[in-house]
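Take a look at the structure set out below.
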Amino acid sequence: MKIALLGYGKMGKAIEKVAEAKGHEIVYRVDLNNAFDFLPVSLQNVDVAIDFSMPTAAVDNILKCFEANVPIVIGTTGWYDQFDMIKDKCLNENQSVLYSSNFSIGVNIFYKVNKILAEIMKSHDYDVMINETHHTAKKDHPSGTALSLAKQIMNEIVKKEKIKDRLMFDNQTPSQSTKPNELLIESHREGDVMGDHTVRYENVIDIIEIKHSAKSRYGFARGALLAAEWLVGKKGIYTLDDILNF
Ligand SMILES: NC(=O)c1ccc[n+]([C@@H]2O[C@H](COP(=O)([O-])OP(=O)(O)OC[C@H]3O[C@@H](n4cnc5c(N)ncnc54)[C@H](O)[C@@H]3O)[C@@H](O)[C@H]2O)c1
């Protein structure tokens, strides 16, 4: 496949390595330095675009792919407030999008376990919270993965009506308590952590935790490439769930 990388940072470079090792060709790369040159016409001869850029750039990049009729796999998080507009446009204009807040297969197994655990815990008296830790350069919080986990939990545990987003620095003590109807997501920013997520249920008797830790970026890169290979030739809006068989 001929691939355009929209965003050529840590993830773009990891995807390039995995793609080239599989015999694909990177024919176009966009980062902050040449973003102003990027037009739909830049994507002629491209089979698929893969976007790991920035929350502020993602929607524009998707719209350019629509204009160029190029399928797009989108890993960038932090743009989901415009999801409905993108979904409508994608379906109305017969375009192709595959998005995921986390392209790691392991995290998608974790999503499945989270869903099953939440189904069990809805009839038990525990409080629940999410902890996420990422590198200090991460722009958005909570992480897209934490928000996906929260959505799954709130679908089952209806007393949790809204998210409480708390960004923590240097193990500080939280200044505000959490209300019973709030699902707390604590976001920590430390060093070069690739992505740790913990879901924690607690009552006076015990604690139940499930945790996923990414050991490198290659898990995300491999998943994104798998998604790109799958998306070419399809129309519509998809997630990784449409590919994975669990
Ligand atoms: N879904 C997943 O599995 C997953 C995994 C890891 C990271 N992410 C997300 O992917 C995004 C990128 O992550 P990263 O670690 O590579 O970040 P990064 O900061 O290393 O790279 C971002 C790149 O985007 C470029 N950029 C800036 N403006 C741009 C524009 N207008 N058009 C194109 N590129 C532009 C920057 O120059 C940089 O090269 C973030 O939103 C991150 O949260 C998602």
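Just so you know, ligand 1 is whichever comes first in the structure, and atom 1 is the first atom listed for that ligand. Positions are given from 1, in the same order as the sequence printed here.
- Every N/O-N/O distance between R217 and ligand 1 stays at or above 3.5 Å.
- A distance of 8.5 Å separates CZ of F220 from CE of M194, quoted to the nearest 0.5 Å.
- The closest approach between a heavy atom of G78 and any atom of ligand 1 is not below 4.0 Å.
- Of the N or O atoms in S101, one or more lie within a sub-3.5 Å distance of an N or O in ligand 1.
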Identify all side-chain donor-acceptor contacts of residues 85-93 below 3.5 Å with residues at least two apart in sequence or on another chain.
{"from": "K89", "atom 1": "NZ", "to": "E93", "atom 2": "OE2", "distance (Å)": "2.9"}
{"from": "N92", "atom 1": "ND2", "to": "D88", "atom 2": "O", "distance (Å)": "3.2"}

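- Using a 4.0 Å cut-off between heavy atoms, N61 contacts ligand 1 through its side chain alone, with no backbone atom that close.
- On a distance-only criterion, M54 and ligand 1 share no N/O pair closer than 3.5 Å.
- On a distance-only criterion, S104 and ligand 1 share no N/O pair closer than 3.5 Å.
- Between atom 4 (C) of ligand 1 and the options F220, F103, F52, the minimum heavy-atom separation is to F52.
- The shortest heavy-atom distance from A137 to ligand 1 is not under 4.0 Å.
- With A214, G144, S53 as candidates, the residue nearest to atom 34 (N) of ligand 1 on a non-hydrogen basis is S53.
- Heavy atoms of A35 found under 4.0 angstrom from ligand 1 belong exclusively to the side chain.
- The N/O atoms of P55, backbone and side chain alike, include none that comes under 3.5 Å of an N/O atom in ligand 1.
- Between the side chains of D196 and T133, not a single donor N or O lies within less than 3.5 Å of an accepting N or O.
- Under 3.5 Å, the side chains of Y8 and E16 contain a donor-acceptor pair of N or O atoms.
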Under 3.5 Å, which donor-acceptor pairs do the side chains of residues 62-78 form with other protein atoms, sequence neighbours left out?
{"from": "K64", "atom 1": "NZ", "to": "F38", "atom 2": "O", "distance (Å)": "3.1"}
{"from": "N69", "atom 1": "OD1", "to": "Q95", "atom 2": "NE2", "distance (Å)": "2.7"}
{"from": "T76", "atom 1": "OG1", "to": "D51", "atom 2": "O", "distance (Å)": "3.3"}
{"from": "T76", "atom 1": "OG1", "to": "D51", "atom 2": "OD1", "distance (Å)": "2.5"}
{"from": "T76", "atom 1": "OG1", "to": "S53", "atom 2": "N", "distance (Å)": "2.7"}
{"from": "T77", "atom 1": "OG1", "to": "D140", "atom 2": "OD2", "distance (Å)": "2.9"}

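- Taking atom 6 (C) of ligand 1 as the reference point, the nearest protein heavy-atom neighbour is M11 CG, 3.6 Å.
- Looking only at atom types and distance, the side chain of E229 has a donor-acceptor partner in the side chain of H24 under 3.5 Å away.
- When only interatomic distances are considered, the shortest N/O to N/O separation between D31 and ligand 1 does not fall below 3.5 Å.
- Considering each of N34, T77, I15, the one bringing a non-hydrogen atom nearest atom 42 (C) of ligand 1 is T77.
- A distance below 6.0 Å separates the ring centres of F83 and Y99.
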